[in-house]
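Worth saying up front: this structure is predicted, and the values here are computed from it rather than measured. Residue numbering restarts at 1 for every chain, and letters A, B, ... go by the order of the sequence lines. Computation of the quantities below employed the complete heavy-atom set of this structure, encompassing side-chain atoms and omitting hydrogens, waters and symmetry-equivalent molecules.
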Amino acid sequence: MTAPESGFRDRVLALVARIPAGRVMTYGQLALLAGQPGAARQAGFVLNSLMNGSALPWQRVINAQGRVSTHKLGFGALQEGLLRAEGVTFDDSGRCDLARLQWWPEDSPHGPPPTLLDQA
DNA sequence: CAGTTGACCGACG
DNA sequence: GCGTCGGCCAACT
């Protein structure tokens with residue numbers, strides 16, 4: 001098969017591009033689906049390499065705490081603003097409800113967690 | 001080739 | 001709930 005895994009980076013970007021509006025994914029999740037469980041830092045590194053010059057919805061990628069990890073970078077407020085525009089609500093502490101907003105691809109090899117909407 | 005760094009994560013106090 | 005420590009893996013110097 002035509003060099004499928006020649007880029008952990010490309011794979012992460014592909015996943016980010018598939019995130020629907022109003023939904024978010026965590027770095028660890030991206031790394032997990034990209035085939036590198038534990039490489040959450042690398043997932044973040046990939047997004048940093050984009051430097052917001054890409055058309056990808058990088059704003060929909062947040063950390064496992066449900067909080068944007070870009071505050072230290074200086075454009076955290078921007079990311080929250082973009083997400084709010086998509087319907088994402090942030091807590092007073094700057095946290096959003098991951099249990100409700102975290103999105104999983106349909107063909108995830110790990111299978112989407114049973115979580116969420118079941119109780120609704 | 002070895003050390004350092006990083007848009008992280010989970011555990012511990 | 002918050003701060004700190006260690007672990008994780010790949011890229012950068």
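- By the side chain to side chain contact (heavy atoms under 4.5 Å, CB included) test, A:R60 pairs with A:I19, A:A21, A:P57, A:L83, A:E86, sequence neighbours left out.
- Residues A:M25 and A:L32 share a hydrophobic cluster, clusters being chains of Ile/Leu/Val/Met/Phe/Trp/Tyr side chains in contact below 4.5 Å.
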Point to revise | CA sep, side-chain torsions, deciding dist, call: A:W104, A:Q29, side chain to side chain contact (heavy atoms under 4.5 Å, CB included) | key: CA-CA 9 Å; A:W104 291 79; A:Q29 185 185 352; 3.1 Å; yes
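- Taking 4.0 Å as the cutoff to heavy atoms of chain A, we find the contact window on DNA chain B bounded by B:dG6 to B:dG10.
- Applying the salt bridge (charged side-chain N to carboxylate O under 4.0 Å, His left out) rule to A:R95 yields no partners; only residues at least two apart in sequence or on another chain are considered.
- Linking ILVMFWY residues whenever their side-chain heavy atoms come closer than 4.5 Å, directly or via other members, leaves A:F8 and A:F45 in distinct clusters.
- Residue A:N48 is classed as a base contact, given a heavy-atom separation below 4.0 Å to a base.
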Point to revise | Test side chain to side chain contact (heavy atoms under 4.5 Å, CB included) applied to A:T26 and A:V61, step by step | key: CA-CA 6 Å; A:T26 66; A:V61 185; over 6 Å; no
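- Residues satisfying the ring pair (Phe, Tyr, Trp, His ring centres under 6.0 Å) criterion with A:F90, sequence neighbours excluded, are absent altogether.
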Check your understanding: How would nucleotides 3-13 of chain C be written as a contact map, 5' to 3', with B for base contact, S for sugar-phosphate-only contact and - for no contact, using protein heavy atoms under 4.0 Å?
Key -> ----BBBBSS-
Acceptor/donor pairs from residues 68-78 of chain A side chains to any protein atom, 3.5 angstrom cut, sequence neighbours excluded:
| unit_1 | atom_1 | unit_2 | atom_2 | d |
| --- | --- | --- | --- | --- |
| A:S69 | OG | A:N63 | ND2 | 2.9 |
| A:T70 | OG1 | A:Q79 | OE1 | 2.7 |
| A:H71 | NE2 | A:E80 | OE2 | 3.1 |

